[in-house]
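Just so we're on the same page: letters track the sequence lines, and every chain starts at 1. Only a predicted model underlies this, so the values are computations on that prediction, with no experimental measurement involved.
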Protein chains: 2
Amino acid sequence: MSDENDKTVSLPVSYYKNGSFTEGEDIVVREAPVTLYLNDQEFVTLVCSPGELKELAVGFLCSEGVLMKRENLKSILINEDDGLIWVETAVESTSQGMFLKRFVTSCCGRGRASFYFINDTRGVTQVESGLNVTPRDIFYLSEQLEKLSEVFKATGGAHSAALCTRDGVVFFYEDIGRHNAVDKIFGRCFLDDISYDDKILVFSGRISSEILIKVAKMGIPVIVSRSAPTELAVKLADQLGITVIGFAREGRLSVYTHHKRVTN
Amino acid sequence: MSDENDKTVSLPVSYYKNGSFTEGEDIVVREAPVTLYLNDQEFVTLVCSPGELKELAVGFLCSEGVLMKRENLKSILINEDDGLIWVETAVESTSQGMFLKRFVTSCCGRGRASFYFINDTRGVTQVESGLNVTPRDIFYLSEQLEKLSEVFKATGGAHSAALCTRDGVVFFYEDIGRHNAVDKIFGRCFLDDISYDDKILVFSGRISSEILIKVAKMGIPVIVSRSAPTELAVKLADQLGITVIGFAREGRLSVYTHHKRVTN
(Lines give C-alpha, C1' and ligand atoms only; values in the text may rest on other atoms or scores of the structure.)
Protein backbone atom coordinates (compact mmCIF):
# COMPACT_ATOMS: atom_id res chain seq x y z
CA MET A 1 0.00 0.00 0.00
CA SER A 2 1.06 3.62 -0.44
CA ASP A 3 3.52 5.14 1.97
CA GLU A 4 2.67 8.80 1.87
CA ASN A 5 6.03 9.84 3.31
CA ASP A 6 8.13 8.36 0.50
CA LYS A 7 5.92 9.96 -2.08
CA THR A 8 6.09 13.59 -0.93
CA VAL A 9 8.72 16.12 0.04
CA SER A 10 8.65 19.59 1.59
CA LEU A 11 9.96 22.46 -0.58
CA PRO A 12 10.21 26.21 0.02
CA VAL A 13 7.47 28.24 -1.65
CA SER A 14 6.25 31.84 -1.78
CA TYR A 15 2.51 31.95 -1.19
CA TYR A 16 0.49 34.84 -2.55
CA LYS A 17 -2.82 35.53 -0.81
CA ASN A 18 -4.82 38.66 0.00
CA GLY A 19 -2.42 40.87 -1.91
CA SER A 20 0.87 39.86 -0.32
CA PHE A 21 3.55 37.15 -0.40
CA THR A 22 4.60 34.99 2.53
CA GLU A 23 7.50 32.53 2.50
CA GLY A 24 6.66 29.01 3.56
CA GLU A 25 7.02 25.30 2.92
CA ASP A 26 4.84 23.25 0.60
CA ILE A 27 4.38 19.48 0.37
CA VAL A 28 5.20 18.50 -3.22
CA VAL A 29 4.79 15.12 -4.89
CA ARG A 30 8.03 13.30 -5.77
CA GLU A 31 8.97 11.89 -9.18
CA ALA A 32 11.63 9.17 -9.13
CA PRO A 33 13.19 7.40 -12.11
CA VAL A 34 13.34 3.61 -11.75
CA THR A 35 15.26 1.49 -14.23
CA LEU A 36 13.97 -2.00 -14.97
CA TYR A 37 16.36 -4.69 -16.21
CA LEU A 38 14.62 -7.65 -17.83
CA ASN A 39 16.74 -10.81 -18.03
CA ASP A 40 19.91 -8.74 -17.53
CA GLN A 41 19.05 -6.29 -20.31
CA GLU A 42 18.15 -2.65 -19.58
CA PHE A 43 14.48 -2.59 -20.53
CA VAL A 44 12.93 0.71 -19.54
CA THR A 45 13.11 3.50 -17.00
CA LEU A 46 9.82 4.59 -15.48
CA VAL A 47 9.31 7.90 -13.74
CA CYS A 48 7.01 7.12 -10.84
CA SER A 49 6.18 7.76 -7.24
CA PRO A 50 8.70 6.00 -4.99
CA GLY A 51 7.68 2.70 -3.43
CA GLU A 52 5.78 -0.40 -4.52
CA LEU A 53 8.48 -1.07 -7.11
CA LYS A 54 7.77 -4.80 -7.17
CA GLU A 55 4.13 -4.20 -8.04
CA LEU A 56 5.08 -1.54 -10.60
CA ALA A 57 7.67 -3.70 -12.36
CA VAL A 58 5.43 -6.76 -12.53
CA GLY A 59 2.35 -4.74 -13.46
CA PHE A 60 4.23 -2.90 -16.18
CA LEU A 61 5.44 -6.20 -17.68
CA CYS A 62 1.88 -7.58 -17.46
CA SER A 63 0.42 -4.46 -19.09
CA GLU A 64 2.98 -4.64 -21.88
CA GLY A 65 2.18 -8.29 -22.48
CA VAL A 66 5.70 -9.46 -21.60
CA LEU A 67 4.49 -11.31 -18.50
CA MET A 68 1.32 -13.33 -18.89
CA LYS A 69 1.71 -16.44 -16.71
CA ARG A 70 2.67 -16.54 -13.03
CA GLU A 71 5.13 -19.39 -13.66
CA ASN A 72 7.06 -17.24 -16.17
CA LEU A 73 8.17 -14.89 -13.37
CA LYS A 74 11.45 -16.34 -12.11
CA SER A 75 12.86 -13.67 -9.78
CA ILE A 76 12.69 -10.00 -8.81
CA LEU A 77 15.55 -8.09 -7.17
CA ILE A 78 15.00 -4.50 -6.06
CA ASN A 79 17.43 -1.76 -5.02
CA GLU A 80 14.99 0.84 -3.77
CA ASP A 81 17.63 3.46 -2.90
CA ASP A 82 19.14 3.55 -6.40
CA GLY A 83 15.84 2.89 -8.20
CA LEU A 84 16.96 -0.35 -9.84
CA ILE A 85 14.88 -3.45 -10.51
CA TRP A 86 16.07 -6.74 -12.00
CA VAL A 87 13.35 -9.09 -13.23
CA GLU A 88 14.07 -12.56 -14.55
CA THR A 89 11.39 -14.19 -16.66
CA ALA A 90 10.90 -17.27 -18.78
CA VAL A 91 9.51 -15.34 -21.71
CA GLU A 92 9.20 -16.05 -25.42
CA SER A 93 11.78 -13.99 -27.30
CA THR A 94 8.92 -12.44 -29.28
CA SER A 95 7.59 -10.67 -26.22
CA GLN A 96 10.83 -8.82 -25.66
CA GLY A 97 11.20 -8.15 -29.37
CA MET A 98 7.69 -6.76 -29.60
CA PHE A 99 8.24 -4.60 -26.56
CA LEU A 100 9.27 -1.34 -28.13
CA LYS A 101 6.40 -1.46 -30.57
CA ARG A 102 4.05 -2.06 -27.66
CA PHE A 103 5.86 0.46 -25.51
CA VAL A 104 5.10 3.25 -27.88
CA THR A 105 1.46 2.52 -27.21
CA SER A 106 1.61 2.94 -23.46
CA CYS A 107 2.27 6.66 -23.39
CA CYS A 108 0.11 9.51 -22.25
CA GLY A 109 -2.13 10.31 -25.21
CA ARG A 110 0.30 8.62 -27.59
CA GLY A 111 -0.21 5.23 -29.19
CA ARG A 112 -0.09 3.27 -32.41
CA ALA A 113 -3.34 2.95 -34.26
CA SER A 114 -2.61 -0.77 -34.58
CA PHE A 115 -2.37 -0.97 -30.79
CA TYR A 116 -6.05 -1.55 -30.30
CA PHE A 117 -6.30 -4.06 -33.07
CA ILE A 118 -3.04 -6.00 -33.25
CA ASN A 119 -0.36 -5.72 -30.56
CA ASP A 120 -2.58 -5.52 -27.58
CA THR A 121 -5.26 -7.99 -28.47
CA ARG A 122 -2.72 -10.34 -26.86
CA GLY A 123 -4.33 -11.02 -23.50
CA VAL A 124 -7.46 -9.02 -24.29
CA THR A 125 -10.67 -11.02 -24.40
CA GLN A 126 -14.34 -10.27 -23.81
CA VAL A 127 -14.94 -9.74 -20.10
CA GLU A 128 -17.56 -12.25 -18.92
CA SER A 129 -18.90 -11.50 -15.45
CA GLY A 130 -22.23 -11.70 -13.68
CA LEU A 131 -21.22 -8.89 -11.32
CA ASN A 132 -23.96 -6.45 -10.39
CA VAL A 133 -23.40 -3.15 -8.59
CA THR A 134 -25.77 -0.52 -7.24
CA PRO A 135 -25.25 3.25 -7.39
CA ARG A 136 -24.95 3.06 -3.59
CA ASP A 137 -21.98 0.65 -3.94
CA ILE A 138 -20.31 3.01 -6.41
CA PHE A 139 -20.72 6.10 -4.24
CA TYR A 140 -19.41 4.21 -1.20
CA LEU A 141 -16.32 3.00 -3.10
CA SER A 142 -15.68 6.47 -4.57
CA GLU A 143 -15.75 7.90 -1.04
CA GLN A 144 -13.28 5.23 0.08
CA LEU A 145 -10.94 6.15 -2.80
CA GLU A 146 -11.07 9.80 -1.78
CA LYS A 147 -10.44 8.99 1.89
CA LEU A 148 -7.38 6.90 0.99
CA SER A 149 -5.87 9.45 -1.42
CA GLU A 150 -3.47 10.96 1.12
CA VAL A 151 -0.77 11.90 -1.42
CA PHE A 152 -3.30 13.76 -3.55
CA LYS A 153 -4.74 15.51 -0.50
CA ALA A 154 -1.23 16.57 0.55
CA THR A 155 0.09 17.62 -2.87
CA GLY A 156 -2.72 17.79 -5.45
CA GLY A 157 -0.36 15.89 -7.74
CA ALA A 158 -1.16 12.18 -7.67
CA HIS A 159 -3.56 9.69 -9.23
CA SER A 160 -5.33 6.95 -7.27
CA ALA A 161 -6.50 3.49 -8.27
CA ALA A 162 -8.37 1.04 -6.05
CA LEU A 163 -9.28 -2.54 -6.79
CA CYS A 164 -12.57 -3.12 -5.02
CA THR A 165 -15.32 -5.60 -4.42
CA ARG A 166 -18.84 -4.32 -3.76
CA ASP A 167 -17.95 -4.41 -0.07
CA GLY A 168 -14.82 -2.28 -0.12
CA VAL A 169 -11.25 -1.65 -1.22
CA VAL A 170 -8.96 -4.65 -1.69
CA PHE A 171 -5.81 -2.86 -2.96
CA PHE A 172 -5.10 0.86 -3.26
CA TYR A 173 -2.21 2.66 -4.95
CA GLU A 174 -1.32 6.29 -5.57
CA ASP A 175 1.25 7.38 -8.15
CA ILE A 176 2.17 10.52 -10.11
CA GLY A 177 1.43 8.51 -13.27
CA ARG A 178 -2.11 7.40 -14.09
CA HIS A 179 -0.68 4.36 -15.87
CA ASN A 180 1.59 3.52 -12.95
CA ALA A 181 -1.25 3.52 -10.40
CA VAL A 182 -3.17 0.97 -12.51
CA ASP A 183 0.00 -1.04 -13.27
CA LYS A 184 0.67 -1.34 -9.52
CA ILE A 185 -2.80 -2.84 -9.11
CA PHE A 186 -2.12 -5.19 -12.03
CA GLY A 187 1.23 -6.24 -10.54
CA ARG A 188 -0.16 -6.83 -7.05
CA CYS A 189 -3.00 -8.96 -8.40
CA PHE A 190 -0.61 -10.95 -10.58
CA LEU A 191 1.69 -11.60 -7.60
CA ASP A 192 -1.16 -12.53 -5.24
CA ASP A 193 -3.09 -14.44 -7.93
CA ILE A 194 -6.25 -12.37 -7.41
CA SER A 195 -9.34 -13.09 -9.50
CA TYR A 196 -10.90 -10.19 -11.37
CA ASP A 197 -14.42 -11.18 -12.35
CA ASP A 198 -15.99 -9.88 -9.11
CA LYS A 199 -13.88 -6.71 -9.00
CA ILE A 200 -14.42 -3.01 -9.70
CA LEU A 201 -11.58 -0.61 -10.55
CA VAL A 202 -12.20 2.78 -8.95
CA PHE A 203 -9.91 5.36 -10.52
CA SER A 204 -9.25 9.07 -9.97
CA GLY A 205 -8.28 9.92 -13.53
CA ARG A 206 -9.92 10.10 -16.93
CA ILE A 207 -10.82 6.77 -18.52
CA SER A 208 -8.69 6.89 -21.67
CA SER A 209 -8.38 4.04 -24.16
CA GLU A 210 -5.03 3.05 -22.67
CA ILE A 211 -6.44 2.71 -19.16
CA LEU A 212 -9.42 0.79 -20.57
CA ILE A 213 -7.06 -1.68 -22.29
CA LYS A 214 -5.30 -2.37 -18.96
CA VAL A 215 -8.67 -3.03 -17.33
CA ALA A 216 -9.59 -5.36 -20.23
CA LYS A 217 -6.29 -7.25 -19.90
CA MET A 218 -6.97 -7.78 -16.20
CA GLY A 219 -10.55 -8.80 -17.00
CA ILE A 220 -12.21 -6.36 -14.59
CA PRO A 221 -15.91 -5.98 -15.52
CA VAL A 222 -16.52 -2.48 -14.10
CA ILE A 223 -14.40 0.71 -14.13
CA VAL A 224 -15.52 3.78 -12.20
CA SER A 225 -14.11 7.31 -12.29
CA ARG A 226 -15.17 10.62 -10.81
CA SER A 227 -13.84 12.03 -14.09
CA ALA A 228 -14.69 11.61 -17.81
CA PRO A 229 -14.18 8.78 -20.29
CA THR A 230 -13.00 9.29 -23.88
CA GLU A 231 -15.01 8.18 -26.92
CA LEU A 232 -12.41 5.55 -27.83
CA ALA A 233 -12.46 4.11 -24.30
CA VAL A 234 -16.27 3.91 -24.44
CA LYS A 235 -16.17 2.15 -27.85
CA LEU A 236 -13.58 -0.36 -26.64
CA ALA A 237 -15.50 -0.99 -23.41
CA ASP A 238 -18.66 -1.63 -25.42
CA GLN A 239 -16.82 -4.20 -27.58
CA LEU A 240 -14.99 -5.82 -24.66
CA GLY A 241 -17.94 -6.15 -22.29
CA ILE A 242 -16.75 -3.64 -19.69
CA THR A 243 -19.10 -1.32 -17.79
CA VAL A 244 -17.81 2.27 -17.85
CA ILE A 245 -19.13 4.59 -15.13
CA GLY A 246 -18.00 8.22 -15.18
CA PHE A 247 -18.58 11.36 -13.11
CA ALA A 248 -19.38 9.28 -10.02
CA ARG A 249 -19.69 12.00 -7.38
CA GLU A 250 -22.17 13.90 -5.26
CA GLY A 251 -24.90 11.30 -5.66
CA ARG A 252 -24.68 11.26 -9.46
CA LEU A 253 -23.08 8.99 -12.02
CA SER A 254 -23.14 8.31 -15.75
CA VAL A 255 -23.15 4.79 -17.17
CA TYR A 256 -21.73 4.70 -20.72
CA THR A 257 -21.62 0.96 -21.47
CA HIS A 258 -23.11 -2.37 -20.33
CA HIS A 259 -25.66 -0.71 -18.08
CA LYS A 260 -27.08 -4.17 -17.25
CA ARG A 261 -24.51 -4.53 -14.44
CA VAL A 262 -25.73 -1.38 -12.65
CA THR A 263 -29.04 -2.02 -10.90
CA ASN A 264 -30.78 0.35 -8.57
CA MET B 1 -7.13 27.25 -32.52
CA SER B 2 -9.37 24.53 -31.14
CA ASP B 3 -12.49 23.55 -33.00
CA GLU B 4 -14.72 22.22 -30.28
CA ASN B 5 -16.93 20.35 -32.74
CA ASP B 6 -14.15 18.13 -34.09
CA LYS B 7 -12.97 17.32 -30.61
CA THR B 8 -16.24 16.10 -29.09
CA VAL B 9 -19.01 13.67 -29.95
CA SER B 10 -22.42 12.88 -28.51
CA LEU B 11 -22.90 9.39 -27.05
CA PRO B 12 -25.85 7.71 -25.31
CA VAL B 13 -25.57 7.58 -21.53
CA SER B 14 -27.67 6.54 -18.55
CA TYR B 15 -27.64 9.29 -15.94
CA TYR B 16 -28.26 8.43 -12.32
CA LYS B 17 -29.51 11.25 -10.13
CA ASN B 18 -31.90 11.51 -7.18
CA GLY B 19 -32.28 7.77 -6.98
CA SER B 20 -33.29 6.98 -10.58
CA PHE B 21 -31.81 6.49 -14.04
CA THR B 22 -32.70 8.54 -17.13
CA GLU B 23 -31.48 7.80 -20.65
CA GLY B 24 -29.81 10.71 -22.42
CA GLU B 25 -26.94 11.92 -24.56
CA ASP B 26 -23.55 13.05 -23.25
CA ILE B 27 -20.84 15.07 -24.96
CA VAL B 28 -17.65 12.97 -24.82
CA VAL B 29 -14.11 13.96 -25.83
CA ARG B 30 -12.74 12.22 -28.93
CA GLU B 31 -9.43 10.34 -29.19
CA ALA B 32 -8.05 9.96 -32.71
CA PRO B 33 -4.91 8.11 -33.77
CA VAL B 34 -2.70 10.08 -36.17
CA THR B 35 0.27 8.44 -37.89
CA LEU B 36 3.31 10.60 -38.63
CA TYR B 37 5.65 9.65 -41.47
CA LEU B 38 9.06 11.31 -41.27
CA ASN B 39 10.99 11.36 -44.55
CA ASP B 40 8.79 8.53 -45.89
CA GLN B 41 9.34 6.30 -42.86
CA GLU B 42 6.54 5.54 -40.40
CA PHE B 43 7.73 7.39 -37.31
CA VAL B 44 5.03 7.34 -34.64
CA THR B 45 1.29 7.29 -34.14
CA LEU B 46 -0.07 9.79 -31.65
CA VAL B 47 -3.47 9.48 -30.02
CA CYS B 48 -4.78 13.03 -29.82
CA SER B 49 -7.74 15.32 -30.18
CA PRO B 50 -8.60 15.80 -33.86
CA GLY B 51 -7.43 18.99 -35.52
CA GLU B 52 -4.31 21.15 -35.50
CA LEU B 53 -2.34 18.23 -36.92
CA LYS B 54 0.26 20.49 -38.50
CA GLU B 55 1.03 22.09 -35.15
CA LEU B 56 1.02 18.71 -33.42
CA ALA B 57 3.39 17.07 -35.90
CA VAL B 58 5.84 19.96 -35.93
CA GLY B 59 5.64 20.47 -32.16
CA PHE B 60 6.16 16.77 -31.52
CA LEU B 61 9.26 16.75 -33.73
CA CYS B 62 10.52 19.90 -31.98
CA SER B 63 9.89 18.41 -28.54
CA GLU B 64 11.69 15.22 -29.49
CA GLY B 65 14.66 17.21 -30.77
CA VAL B 66 14.27 15.96 -34.33
CA LEU B 67 13.37 19.43 -35.63
CA MET B 68 15.45 22.31 -34.30
CA LYS B 69 15.85 24.81 -37.15
CA ARG B 70 13.07 26.30 -39.27
CA GLU B 71 15.07 25.72 -42.47
CA ASN B 72 15.22 21.96 -41.74
CA LEU B 73 11.45 21.67 -42.23
CA LYS B 74 11.02 20.94 -45.94
CA SER B 75 7.34 20.02 -46.34
CA ILE B 76 4.23 18.89 -44.48
CA LEU B 77 1.35 16.98 -46.11
CA ILE B 78 -1.77 16.21 -44.07
CA ASN B 79 -4.69 13.85 -44.70
CA GLU B 80 -6.98 14.89 -41.87
CA ASP B 81 -9.72 12.36 -42.66
CA ASP B 82 -7.43 9.33 -42.43
CA GLY B 83 -5.18 10.80 -39.72
CA LEU B 84 -2.01 10.73 -41.79
CA ILE B 85 0.84 13.25 -41.76
CA TRP B 86 3.93 13.24 -43.96
CA VAL B 87 6.79 15.48 -42.84
CA GLU B 88 9.95 15.96 -44.85
CA THR B 89 12.96 17.34 -43.01
CA ALA B 90 16.64 17.95 -43.59
CA VAL B 91 17.71 16.17 -40.43
CA GLU B 92 20.98 14.62 -39.27
CA SER B 93 20.66 10.84 -39.28
CA THR B 94 21.44 10.84 -35.54
CA SER B 95 18.19 12.59 -34.72
CA GLN B 96 16.09 9.87 -36.28
CA GLY B 97 18.32 7.18 -34.81
CA MET B 98 18.07 8.66 -31.35
CA PHE B 99 14.32 9.00 -31.63
CA LEU B 100 13.18 5.78 -30.02
CA LYS B 101 15.46 6.31 -27.06
CA ARG B 102 14.03 9.79 -26.72
CA PHE B 103 10.52 8.59 -27.40
CA VAL B 104 10.57 6.28 -24.44
CA THR B 105 11.16 9.37 -22.34
CA SER B 106 8.16 11.28 -23.56
CA CYS B 107 5.48 9.16 -21.99
CA CYS B 108 3.13 9.89 -19.16
CA GLY B 109 5.07 9.25 -15.99
CA ARG B 110 7.57 7.17 -17.91
CA GLY B 111 11.07 8.31 -18.81
CA ARG B 112 14.72 7.36 -18.80
CA ALA B 113 16.78 8.68 -15.93
CA SER B 114 19.31 9.83 -18.52
CA PHE B 115 16.56 11.84 -20.18
CA TYR B 116 17.07 14.85 -17.99
CA PHE B 117 20.82 14.74 -18.24
CA ILE B 118 21.77 13.38 -21.67
CA ASN B 119 19.22 12.99 -24.44
CA ASP B 120 17.21 16.04 -23.76
CA THR B 121 19.90 18.51 -22.88
CA ARG B 122 19.90 18.91 -26.69
CA GLY B 123 18.14 22.23 -27.11
CA VAL B 124 17.84 22.89 -23.39
CA THR B 125 19.71 25.94 -22.13
CA GLN B 126 19.30 28.33 -19.21
CA VAL B 127 16.31 30.56 -19.85
CA GLU B 128 17.46 34.19 -19.76
CA SER B 129 14.59 36.67 -19.61
CA GLY B 130 13.90 39.98 -17.93
CA LEU B 131 10.15 39.28 -17.94
CA ASN B 132 8.26 40.40 -14.87
CA VAL B 133 4.68 39.44 -14.06
CA THR B 134 2.28 40.48 -11.32
CA PRO B 135 -0.17 38.19 -9.52
CA ARG B 136 -2.87 40.26 -11.21
CA ASP B 137 -1.46 39.28 -14.65
CA ILE B 138 -1.44 35.61 -13.65
CA PHE B 139 -5.04 35.60 -12.38
CA TYR B 140 -6.20 37.38 -15.53
CA LEU B 141 -4.44 34.85 -17.80
CA SER B 142 -5.74 31.90 -15.76
CA GLU B 143 -9.28 33.25 -16.19
CA GLN B 144 -8.69 33.57 -19.94
CA LEU B 145 -7.52 29.92 -20.09
CA GLU B 146 -10.65 28.81 -18.28
CA LYS B 147 -12.92 30.87 -20.56
CA LEU B 148 -11.31 29.36 -23.68
CA SER B 149 -11.44 25.74 -22.44
CA GLU B 150 -14.64 24.84 -24.29
CA VAL B 151 -13.78 21.17 -24.81
CA PHE B 152 -13.07 20.72 -21.11
CA LYS B 153 -16.26 22.54 -20.18
CA ALA B 154 -18.24 20.30 -22.55
CA THR B 155 -16.59 16.98 -21.67
CA GLY B 156 -14.40 17.27 -18.57
CA GLY B 157 -11.81 15.36 -20.56
CA ALA B 158 -9.29 17.76 -22.11
CA HIS B 159 -6.16 19.68 -21.17
CA SER B 160 -5.55 23.31 -22.12
CA ALA B 161 -2.37 25.20 -22.86
CA ALA B 162 -2.13 28.90 -23.69
CA LEU B 163 0.92 30.84 -24.78
CA CYS B 164 0.47 34.31 -23.32
CA THR B 165 2.05 37.67 -22.92
CA ARG B 166 1.23 39.76 -19.85
CA ASP B 167 -1.56 41.30 -21.92
CA GLY B 168 -3.38 38.18 -22.99
CA VAL B 169 -3.49 34.86 -24.85
CA VAL B 170 -1.48 34.55 -28.09
CA PHE B 171 -2.19 30.89 -28.91
CA PHE B 172 -4.53 28.42 -27.20
CA TYR B 173 -4.88 24.65 -27.72
CA GLU B 174 -6.94 21.93 -26.08
CA ASP B 175 -6.12 18.25 -26.42
CA ILE B 176 -6.89 15.00 -24.60
CA GLY B 177 -3.12 14.65 -24.03
CA ARG B 178 -1.27 17.07 -21.75
CA HIS B 179 1.84 16.63 -23.89
CA ASN B 180 -0.10 17.20 -27.11
CA ALA B 181 -1.55 20.51 -25.94
CA VAL B 182 1.94 21.83 -25.20
CA ASP B 183 3.39 20.31 -28.39
CA LYS B 184 0.71 22.13 -30.43
CA ILE B 185 1.90 25.41 -28.88
CA PHE B 186 5.51 24.45 -29.65
CA GLY B 187 4.63 23.61 -33.27
CA ARG B 188 2.64 26.79 -33.85
CA CYS B 189 5.45 28.95 -32.46
CA PHE B 190 8.04 27.12 -34.56
CA LEU B 191 5.93 27.60 -37.72
CA ASP B 192 5.20 31.27 -37.00
CA ASP B 193 8.73 31.96 -35.68
CA ILE B 194 7.44 33.32 -32.37
CA SER B 195 9.90 34.54 -29.74
CA TYR B 196 9.57 33.08 -26.24
CA ASP B 197 11.45 35.33 -23.87
CA ASP B 198 8.44 37.56 -23.14
CA LYS B 199 5.96 34.69 -22.94
CA ILE B 200 4.11 32.81 -20.19
CA LEU B 201 2.75 29.27 -20.63
CA VAL B 202 -0.58 28.93 -18.83
CA PHE B 203 -1.44 25.25 -18.47
CA SER B 204 -4.40 23.31 -17.06
CA GLY B 205 -2.45 20.25 -15.98
CA ARG B 206 0.15 19.29 -13.43
CA ILE B 207 3.64 20.61 -14.07
CA SER B 208 5.59 17.36 -14.42
CA SER B 209 9.26 17.15 -15.38
CA GLU B 210 8.34 16.27 -18.95
CA ILE B 211 6.16 19.35 -19.38
CA LEU B 212 8.90 21.46 -17.78
CA ILE B 213 11.47 20.15 -20.28
CA LYS B 214 9.22 21.22 -23.18
CA VAL B 215 8.94 24.69 -21.66
CA ALA B 216 12.72 24.80 -21.24
CA LYS B 217 13.25 23.75 -24.88
CA MET B 218 10.99 26.57 -26.01
CA GLY B 219 12.77 28.95 -23.66
CA ILE B 220 9.61 30.21 -21.94
CA PRO B 221 10.59 31.94 -18.66
CA VAL B 222 7.31 31.43 -16.74
CA ILE B 223 4.91 28.46 -16.48
CA VAL B 224 1.62 28.77 -14.61
CA SER B 225 -0.82 26.05 -13.62
CA ARG B 226 -3.95 25.96 -11.51
CA SER B 227 -2.66 22.53 -10.49
CA ALA B 228 0.48 21.19 -8.73
CA PRO B 229 4.12 20.84 -9.82
CA THR B 230 6.26 17.77 -9.08
CA GLU B 231 9.51 17.91 -7.12
CA LEU B 232 11.57 16.97 -10.21
CA ALA B 233 9.90 19.73 -12.27
CA VAL B 234 10.69 22.26 -9.53
CA LYS B 235 14.34 21.12 -9.36
CA LEU B 236 14.73 21.34 -13.15
CA ALA B 237 13.04 24.75 -13.25
CA ASP B 238 15.40 25.98 -10.56
CA GLN B 239 18.43 24.81 -12.58
CA LEU B 240 17.08 26.07 -15.92
CA GLY B 241 15.98 29.53 -14.79
CA ILE B 242 12.23 28.98 -15.19
CA THR B 243 9.64 30.47 -12.83
CA VAL B 244 7.12 27.82 -11.73
CA ILE B 245 3.78 29.10 -10.43
CA GLY B 246 1.27 26.53 -9.18
CA PHE B 247 -2.24 26.56 -7.73
CA ALA B 248 -3.04 29.86 -9.44
CA ARG B 249 -6.73 30.22 -8.63
CA GLU B 250 -9.19 32.12 -6.50
CA GLY B 251 -6.81 34.98 -5.82
CA ARG B 252 -4.01 32.70 -4.61
CA LEU B 253 -0.86 31.31 -6.16
CA SER B 254 2.36 29.56 -5.12
CA VAL B 255 5.74 30.50 -6.61
CA TYR B 256 8.19 27.59 -6.41
CA THR B 257 11.21 28.92 -8.33
CA HIS B 258 12.77 32.18 -9.55
CA HIS B 259 10.39 34.34 -7.55
CA LYS B 260 12.25 37.44 -8.78
CA ARG B 261 10.05 37.52 -11.89
CA VAL B 262 6.84 37.80 -9.86
CA THR B 263 6.44 41.29 -8.44
CA ASN B 264 3.42 42.62 -6.64
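B:R206 places a side-chain N or O within donor-acceptor distance of the main-chain N or O of A:G157, the cut-off being under 3.5 Å. With A:E31 contributing its side chain and B:S209 its backbone, the two residues share a donor-acceptor pair below 3.5 Å. Judged purely by atom type and a 3.5 angstrom limit, B:N264 uses its side chain to pair as donor or acceptor with the backbone of A:G19. Remark: side-chain polar atoms of A:R252 are not paired, donor with acceptor, to backbone N or O of B:K17 under 3.5 angstrom.
The contact between A:E23 and chain B is made entirely by side chain atoms (from C-beta outward), counting heavy-atom distances below 4.5 Å. At a 4.5 Å heavy-atom cutoff, the contact between A:S227 and chain B is made by side-chain atoms alone. Interface remark: A:V262 contributes backbone and side-chain atoms alike to the contact with chain B (heavy atom separation under 4.5 Å). Contacts between A:V234 and chain B at a heavy-atom distance below 4.5 Å involve the side chain alone, from C-beta outward. Heavy-atom distances place no part of B:S49 under 4.5 Å from chain A, backbone and side chain included. The parts of A:L253 that come within reach of chain B are both its backbone and its side chain, each placing non-hydrogen atoms under 4.5 angstrom from that chain.
Contact annotation: the side chain of A:Y256 never approaches that of B:S14 to less than 4.5 Å [non-hydrogen atoms, C-beta and beyond]. No side-chain heavy atom of A:V255 sits under 4.5 Å from any side-chain heavy atom of B:Y15. Residues B:F139 and A:Y16 meet the side-chain proximity criterion, which asks for heavy atoms closer than 4.5 Å.
Ranked by non-hydrogen atom pairs under 4.5 Å with chain B, the options A:G156, A:G251, A:P135 are led by A:P135. By number of non-hydrogen pairs under 4.5 angstrom with chain B, the leading residue of A:I245, A:V28, A:T230 is A:T230.
Here B:I176 contributes atom CD1 and A:E231 contributes atom CD; the two are 10.5 Å apart, rounded to the nearest 0.5 Å.
Between B:F247 and A:T155, the closest heavy-atom pair is CZ-O, 3.4 Å.
Enclosure of atom CD in B:E250 is not indicated, since only 12 or fewer non-hydrogen atoms of other residues, nucleotides or ligands lie within 6.0 angstrom.
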